[in-house]
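Each chain gets a letter, A, B and so on, in the order its sequence line appears, and its residues count up from 1.
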Protein chains: 2
Amino acid sequence: MSRKTGVLELAVLGLLHESPLHGYELRKRLSAVFGPVKRISYGSLYPCLKDLVATGLIAEDAAASVSGVGKRGRTVYKLTAEGKERLQDQLGEHGPSAWEDESFGVRMAFFAQTDADVRLKILEGRRSRLEERREKVSSAMSRTREKLDRYTLELQQHGLESVEREVRWLNELIATERSPAGGPGRGAVTARPRSAKSPG
Amino acid sequence: MSRKTGVLELAVLGLLHESPLHGYELRKRLSAVFGPVKRISYGSLYPCLKDLVATGLIAEDAAASVSGVGKRGRTVYKLTAEGKERLQDQLGEHGPSAWEDESFGVRMAFFAQTDADVRLKILEGRRSRLEERREKVSSAMSRTREKLDRYTLELQQHGLESVEREVRWLNELIATERSPAGGPGRGAVTARPRSAKSPG
DNA sequence: GTTAGCATGTAAGGAGTTACATGATTTT
DNA sequence: AAAATCATGTAACTCCTTACATGCTAAC
C-alpha cells in the first residue's frame, strides 16, 4: 500500500524543507542528493509524493502550482506542520539506521539541517561500521590470499582500499567537526591538497 | 515466474564451473564475489537454484549430495552441458551490460575464465563509462559550486575522487592486460607501492 | 545442555524499475 | 516544423529481503 521507504521519503522532506518544489524539479535535485548512480525514477517518485500527501506530511502549494483549465500544469508541494515535525524526528536519529550504506549519504546531504552532536555521532558510527568491514575483508583476504586468481585479488584489494580511503575521509570530517572552527563561521570546504592530475 | 536475473545467475554458474557446490557453501562464496556490501540471502539463492534446475542449466550432483533417510542432507549442484554453454555465452558478452555498475564486479570476478580480448573490451568500456560520469559530476559541481553547503560539497567531492580513483585503477589494469606479460606467467598482483598509513 | 554454525526452503511484502500514456513549451 | 525538455502519472513486473518453519551437528 504505502511506500514507507525511509530514504526517499527523507530526501523529499529534506528538499521540501529548503523550498517548495514540484515533482519534476524534485527529481533533478534528488539526482544530486543520491549521486550519479542510483537515480530515482518517476515511477517511484510520484507514488511517494502521493503517499506523503495521503499521510499529511506534505501538501499542494496552491499558490505556487500552475493549473490552467485543460492544462496539466505542475503541482508544487510544501511541507505541512506534521511534515516538519517528522523531518526533525528523522534528522535527530543517530543510531545505526543513520549510518548504513543506504542511508548515510542522504543523512549527510542534510547535515546543514542537523544538530552538531548528531552529526558527530553519525560520522563516528559510520567510521566504526567501515572499520569493522575493513577488518573482515582484510582478514578474509589474508586467509584466502594464495587461492585466489589475480583478478579476484585485484577486486578485493581495490575494495579494501576504497574502504580505507573512506575512513580517512571520515577522520578528516570528524576532526573538522570537533575543532572549535576558529575560522569564519560559514565555511568553504577545508582546502585539501588535490594531487596533480595525471594527464592521461 | 523465472528469475532470469543475470548477475546472480551468472555468479552461480561461474562458481559451479570451478567446482560443484551446495547452496549454503555457494552463498559463502557469493559473499566473496559480491563483496561485503550486497550479500545475497537464501530467499533469493534457493529460488534461483530451483529455476536454474528447471531450465536445465544446473543439476543435482547425486554422487556428492548427502541424503540419509529422514535427513534433510545437502544438495550439491553442478553445471550441465547447457549450463556450460550458457556460461560461455555470458562470459563472451562485451557490450555495455558487462560494464555497468551492477554487473562489472561479477564479470571481473570471472576474468580468469574470460578471453583476453573480451577482458580488455570490458575494462575499456568500464573506464569510458566512468569517464562520462566524471565529466557529468564535475561539470554539475562547477555549475552549482557556490550554492551548496559544505557537506553536500564534501559528499560530491568525495564521490568525484572515488570515480577518478577507479579510473586510475582501470588504467593500470588495462596497461597490464596490454603488456606482453614479460614477467612470470602466473602472477601475483603487480606490486603497487602502498602509501604509508597515517597513524591516526 | 546450550550456543553457534550447518543446511534447506517458503510466503509475504518492500522498493524500486521499465514501458506506456499524454500533452505543453522551448530551442534549434 | 522537428527535436529536446518540461511535466505528470499508472500498470506490470523484477529482484530482493525479512520472517518464518525445520532440523542436524559440533563445540564449549
Side-chain angles (χ1 to χ4, degrees), chain A residues 1-12 20-31 33-35 37-55 58 60-61 64-77 96-97 100-103 105-106, chain B residues 1-12 20-31 33-35 37-54 58 60-61 64-77 96-97 100-103 106:
Chain A
M1 189 208 285
S2 61
R3 250 153 254 264
K4 51 189 72 168
T5 304
V7 284
L8 181 52
E9 177 187 301
L10 174 58
V12 168
L21 294 168
H22 60 273
Y24 192 86
E25 179 64 26
L26 212 31
R27 183 178 177 256
K28 286 199 296 190
R29 312 269 180 121
L30 286 167
S31 298
V33 169
F34 286 113
V37 314
K38 190 86 180 182
R39 65 179 338 146
I40 62 113
S41 62
Y42 297 121
S44 49
L45 176 57
Y46 286 116
C48 173
L49 290 171
K50 207 180 177 186
D51 287 349
L52 285 170
V53 169
T55 28
I58 68 175
E60 192 180 333
D61 185 347
S65 296
V66 174
S67 59
V69 225
K71 289 194 186 189
R72 213 197 254 250
R74 55 194 173 179
T75 310
V76 175
Y77 297 98
S97 66
E100 291 302 322
D101 294 317
E102 327 81 51
S103 41
V106 180
Chain B
M1 190 207 284
S2 60
R3 247 153 257 263
K4 51 189 72 170
T5 304
V7 283
L8 181 52
E9 177 187 302
L10 174 58
V12 168
L21 293 168
H22 59 273
Y24 191 86
E25 180 64 27
L26 213 31
R27 184 180 176 253
K28 285 198 296 188
R29 311 268 180 121
L30 286 167
S31 299
V33 169
F34 287 112
V37 315
K38 190 85 178 183
R39 66 180 335 148
I40 62 113
S41 63
Y42 297 121
S44 49
L45 176 57
Y46 285 116
C48 172
L49 289 172
K50 207 181 176 184
D51 287 348
L52 286 171
V53 170
I58 68 175
E60 192 181 334
D61 184 348
S65 297
V66 174
S67 59
V69 226
K71 289 194 185 187
R72 214 198 253 249
R74 55 194 173 179
T75 310
V76 176
Y77 297 99
S97 64
E100 291 301 322
D101 294 318
E102 327 81 51
S103 40
V106 180

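Between K50(A) and dT8(D) there is no side-chain N or O to OP1 or OP2 distance below 4.0 Å. Within the structure, a side-chain polar atom (N or O) of S41(A) is placed less than 4.0 Å from OP1 or OP2 of dT17(C).
Rounded to a whole Å, the NZ atom of K28(A) is 9 Å from the C1' atom of dT5(D). Going from atom CG of D101(A) over to atom C1' of dA15(C) covers 16 Å, rounded to whole Å. Between the C1' atom of dC20(D) and the OH atom of Y46(B) lies a distance of 15 Å, rounded to the nearest Å. As rounded to whole Å, 11 Å separates atom P of dT10(D) from atom CG of D51(A). Rounded to whole Å, the distance from OH on Y42(B) to C1' on dA7(C) is 7 Å. In this structure, NE2 of H22(B) is placed 13 Å from C1' of dT25(D), rounded to the nearest angstrom. One interatomic measurement links the two molecules: CG of L30(A) to C1' of dT17(C), which rounds to 16 Å at whole-angstrom precision. For the pair Y24(A) OH and dC6(D) P, the computed distance is 4 Å after rounding to whole Å.
Mapped onto DNA chain C by nearest heavy atom, L8(A) and E25(B) fall at different nucleotides, with E25(B) at the one closer to the 5' end.
One finds the CG atom of L26(B) at 5.5 Å from the CG atom of L21(B) (value rounded to the nearest 0.5 Å). Distance check: D101(B) CG to K38(A) NZ gives 11.5 Å after rounding to the nearest 0.5 Å. For the atom pair CG of L8(A) and CG of L49(A), the computed distance is 8.0 Å after rounding to the nearest 0.5 Å. Within the model, atoms CG of L10(B) and OG of S103(B) stand 8.5 Å from one another, a figure rounded to the nearest 0.5 Å.
In this structure, Y77(B) reaches the sugar-phosphate backbone alone: every heavy-atom distance under 4.0 Å involves primed, P, OP1 or OP2 atoms, never a base. Heavy atoms of R27(A) sit nowhere under 4.0 angstrom from any nucleic acid atom.
By the ring-ring contact (aromatic ring centres under 6.0 Å, His included) test, Y46(A) pairs with Y42(A), sequence neighbours left out.
Distances from the side chain of S44(A) to the nucleotides dT8(D), dT17(C), dT10(D) place dT17(C) closest. Here the nucleotide nearest the side chain of R74(A), chosen from dA7(D), dT8(C), dT17(C), is dA7(D).
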